[in-house]
Peer 1: 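Here it is, the structure in full.
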Amino acid sequence: MDKATINPFGFLPALGRTIIHIIHELGAGFVFLLSGLRHIFTWPLEIRKTIQQVYFIGVKSIFVILLVGLFTGMVLGLQLYYTLVKFGSEGVLGAAVALSIIRELGPVLTAIMIIGRAGSAMAAEIGIMRITEQIDALFTMDINPIRYLVSPRILASLICFPLLTALFDVIGIIGGYLTGVVLLGINSGIFFSRMDSLVIMGDVSGGFIKALVFGVIVVTICCYQGFFVHQRTEGHGAKGVSLATTSAVVLSSVAVLIFDYVLTSFLL
Amino acid sequence: MTTPLIEFKDVTKCFGDKCILKKANLQIYPQEVTTLIGKSGVGKSVTLKLIIGLLEPDDGRILYQGRSMQSLSRKERKEIRKQVNFMFQNNALFDSLQVFDNIALPLKEKTSMKPDEIKSRVEEKMDALDLHDVESKYPAQLSGGMQKRVALARALITDPKVVLFDEPTTGLDPVRKNSVLSMITHNQKNFGFTAVLVSHDVPDVFYISNRIAVLEEAQIVFEGTPLELEQSDLQVVYEYINSVQSLENEIIELKSRLDLETAYKQISTQNNTLTAFVFTIENLERVRGRIGELMAHKVVRTVAGLVSSAMEGKSAVCGRYTQDTILCLVPGDYTAEAEKVIRKIQEPLGQTKFFHPTFLGSRCTPFGVLAGWTRCAPGMMLHEVVEQAENVKKGLARLVCGQNSGEKEEV
């Protein structure tokens, strides 16, 4: 056994390298985001590409958001009803469902759904463009690849995330209404009046702030993973793209949950 | 001489521990076709990427019209980059865009042209490159050759001053390869751009290039015209130019002429005496032309095989001195035994099918094998040795055609 193997601090260099790598990635990701945001406002505006991305991120996600929103609201209505009934407070079911969805579940689940549907596709598409030198080709044509590929996606996410969150909120409340009022027999007047009195504008705007932040985070992480797929050390080519797609989904989902906690603590 | 349009001055580029370019110098002149040749992985594509700015040199300077790129402002570098375009090895066409949009992209994104103007310009380029009825197709729906033409149309749409071609013929069949090379040369003449080409298609690229640069071991080891390249005695150049013959020599285990020169120097310094045997295949060129490359190869292989067996145990170095001459250098004085050695070859050679009068019937082509030998005097050059041996050569075998028909034809 040599000195290196019995050194109790032998893990430190590896730990140090990992920390430096994480800090480097965070810094690079932030610069990438700033560059993407800056080019949103560079003339001429990329309106056509933004509309295409709004269609891809937003319109094509409507069905899945409706489905997830409806069942989330229904299951929430069911769960909360049986909890509240123990305290004789089933009258506040409408408010409880609405607050849970508007403040928390709406923005988070919408973001997670968009990550699965559009974020992974973004990472894969940009990753393939990178490995097939299409991004280099943009550069050789003096077209800024971040402006061409990333900025329209960031702008589209800023438009789509709040709108889809709003849709999720509405359909989730309808789901809660279906279980609470239609199936379990709560008075619909009480359901809505309590909701009206307990849900304030701050809850709604807080939800939208979360949606905007999640939108930026998700698109930045997914585009970043695809854009720099060629710099991955674990795999190149098709394997690199598959790893980048997996990383994009995992990292953006984790980031959404972390930022949800941070934002909630600031917004409450 | 004209000032180079692009010039590398002591450029170094490394990736980790591996240096692709080490103080490399290169000159590219305006409105010429410069071809960069070199083995796979030596850094030819990296050189192109350095020119266009996709990569930055670690050391040294890249000059554009005499001005160092590194000393220019960002705006000036951008202006220069607008004048340079790149055709990628795998075309790098946008697979989600139709052909028209692929070609029009630089105009749509970087100019304020009206849609009608863009349309007419794209159509003009498509016509010039014989791209008809494909504007609404996607790249994946096109053949390899057509994709190359689309990539070229896109590279030329902004009328760049310089176009860089990264292995434009890779993966194409010989017919398409020729059409791509002729397309490049015709368009270079028509549009007057400076072309820098990375290619392995030797000697085909020599016909279309004004200048050739050879990249080897992180250095530009040769720069000049194709004619100058042919005269060069660099090993790598020899290998490139004679790549077909090199393969043939490797298969039949014969050394190259350069190897023979080196061996001659070594043997003559280590030994006082040296015997040279020269075997000449007469009319081999005609056999190649009339019957085919494969038949000529078989003849050379048979002769080389017999020569090798006859020279066994003599520490001989045998190689291809010219297309039709095999030279064997044997340490020591073998002149007394030479007749015996030659007979060892002559007997089995005469019995091979090649020397049977009915072989190949009406396509029979007369040819013969001659042998000569000499003892090398100190200080003689190799070509003098060969000439001396050839002066005393005698016939080993000869194919005479048309003996039965009475129309005798011999070498």
Peer 1: Looking at B:Val84, B:Asn90, B:Ile157, B:Leu93, which one has more heavy-atom pairs under 4.5 Å with chain A than the rest?
Peer 2: B:Leu93

Peer 1: Count the heavy atoms of every other residue, nucleotide or ligand shown that sit under 6.0 Å from CD of B:Gln31, and state whether that count exceeds 12.
Peer 2: no

Peer 1: Counting only N and O atoms by type, is there a donor-acceptor contact under 3.5 Å from the side chain of B:Lys110 to the main-chain atoms of A:Ile143?
Peer 2: no

Peer 1: Which bit of B:Leu164 comes within less than 4.5 Å of chain A, counting heavy atoms only: side chain, backbone, both or neither?
Peer 2: neither

Peer 1: Are there over 12 heavy-atom neighbours, none belonging to A:Phe259, within less than 6.0 Å of that residue's CZ?
Peer 2: no

Peer 1: Could you tell me whether B:Phe15 atom CZ has more than 12 heavy atoms of other residues or ligands within 6.0 Å of it?
Peer 2: yes

Peer 1: Is it the case that over 12 heavy atoms from other parts of the model lie below 6.0 angstrom from the NE2 atom of A:His21?
Peer 2: no

Peer 1: Return the CD1 to CG distance between B:Ile80 and A:Asp142, rounded to the nearest 0.5 Å.
Peer 2: 12.0 Å

Peer 1: Is it the side chain or the backbone of B:Ile51 that comes within 4.5 Å of chain A heavy atoms, both, or neither?
Peer 2: neither

Peer 1: How about residues 133-141 of chain A versus chain B: which residues have heavy atoms under 4.5 Å apart?
Peer 2: A:Glu133, A:Gln134, A:Asp136, A:Ala137, A:Leu138, A:Phe139, A:Thr140, A:Met141

Peer 1: Among B:Ser112, B:Ala92, B:Ala151, which residue forms the greatest number of heavy-atom pairs with chain A at distances under 4.5 Å?
Peer 2: B:Ala92

Peer 1: CZ of A:Phe11: more than 12 outside heavy atoms within 6.0 angstrom?
Peer 2: yes

Peer 1: Return each pair, listed once, that meets salt bridge (Lys or Arg N to Asp or Glu O under 4.0 Å) where at least one residue sits in residues 183-197 of chain B; pairs must be two or more places apart or across chains.
Peer 2: none

Peer 1: Output the distance between atom CG (B:Asp95) and atom CD1 (A:Ile128), rounded to the nearest 0.5 Å.
Peer 2: 7.5 Å

Peer 1: Please, which pairs that meet salt bridge (Lys or Arg N to Asp or Glu O under 4.0 Å) have at least one residue in residues 190-200 of chain B, sequence neighbours excluded?
Peer 2: none

Peer 1: Which of the residues B:Lys82, B:Met87, B:Lys49, B:Gln89 is involved in the greatest number of heavy-atom pairs with chain A at under 4.5 angstrom?
Peer 2: B:Lys82

Peer 1: Report yes if some heavy atom in the side chain of A:Thr132 is under 4.5 Å from a heavy atom in the side chain of B:Phe94; otherwise report no.
Peer 2: no

Peer 1: Looking only at heavy atoms, which of residues 35-60 of chain A get nearer than 4.5 Å to chain B?
Peer 2: A:Glu46, A:Lys49

